[in-house]
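For reference, the structure discussed in these notes is given below.
These values consider heavy atoms only, across backbone and side chains, with no hydrogens, waters or symmetry-generated copies.
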Amino acid sequence: MVREPLDNSTPAGPPVVAAEGAVDGHWVVRAQGDLDSDTIDPLFIALWEAAPGHEVVVLDASAVTFADSSFLSLLIEVHRRTELRVAAPGTVLARLLRTADRGPRPGDQELSHARSGPR
């Protein structure tokens with residue numbers, strides 16, 4: 001999923017990337033709100049730029065309220081570039097990750113591996 005951001009416009013509402021920075025030797029990106037094809041670009045940029053420079057990138061998903069297939073695609077692609085951990089997914093997001101884990105395609109990293117690690 002190598003793509004350029006769709007545009008630089010700011011979606012209505014709070015930003016989907018609430019914060020990012022180093023914590024205990026890992027790069028942490030905190031996401032919030034609804035993550036879909038209309039809002040994912042700031043998160044795409046944050047994770048895509050973090051991946052090459054950090055062995056472990058942690059996505060704090062505690063404030064994510066919705067995510068669709070564009071979010072799942074982003075997780076898979078970032079996990080191919082670095083070790084990605086999804087921390088503190090809420091019930092809706094955890095269900096989406098479990099559902100996606102049931103049918104990985106050959107060559108894809110399983111999302112359960114991406115979720116492993118400290119929460």
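When the side-chain hydrogen bond (donor to acceptor under 3.5 Å, both in side chains) test is applied to Gln32, no partner is found at least two apart in sequence or on another chain. Shown here are the side-chain contact (heavy atoms from CB on, under 4.5 Å) partners of Ala31, two or more places apart in sequence or in another chain: Leu35, Leu43, Leu59, Val64. Ser62 pairs by the side-chain hydrogen bond (donor to acceptor under 3.5 Å, both in side chains) definition with Asp60, not counting sequence neighbours.
Side-chain N or O atoms of Thr82 include one that pairs as donor or acceptor with a backbone N or O of Glu55 at under 3.5 Å. Judged purely by atom type and a 3.5 angstrom limit, Asp36 uses its side chain to pair as donor or acceptor with the backbone of Thr39.
Smallest separation of non-hydrogen atoms from Pro42 and Val16: CB-CG2, 3.9 Å. Across all non-hydrogen atoms, the minimal contact from Ser70 to Ser37 is OG-N, 3.2 Å. Minimum interatomic distance between Val86 and Ala61 (heavy atoms only, all atoms of both residues): CG1-CB, 3.9 Å.
Between Val17 and Val29 there is a side-chain heavy-atom pair separated by less than 4.5 Å.
Taking CG of Leu75 as the start and CG of Leu97 as the end, the distance is 6.5 Å to the nearest 0.5 Å. Here CG of Leu84 is found 6.5 Å from CG of Leu47. Values are rounded to the nearest 0.5 Å. The structure places CD of Glu49 at 10.0 Å from NE2 of His54, a figure rounded to the nearest 0.5 Å. Atom CG of Leu93 is separated from atom CZ of Phe71 by 5.0 Å, given to the nearest 0.5 angstrom.
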Q: Please step through side chain to side chain donor-acceptor pair (under 3.5 Å) for the pair Thr65 and Asp34, ending with a clear verdict.
A: CA-CA 5 Å; Thr65 54; Asp34 292 352; 2.5 Å; yes
Q. Yes or no on side-chain contact (heavy atoms from CB on, under 4.5 Å) for Arg85 and Val57, after CA distance, side-chain angles and deciding distance?
A. CA-CA 6 Å; Arg85 297 179 184 169; Val57 174; over 6 Å; no
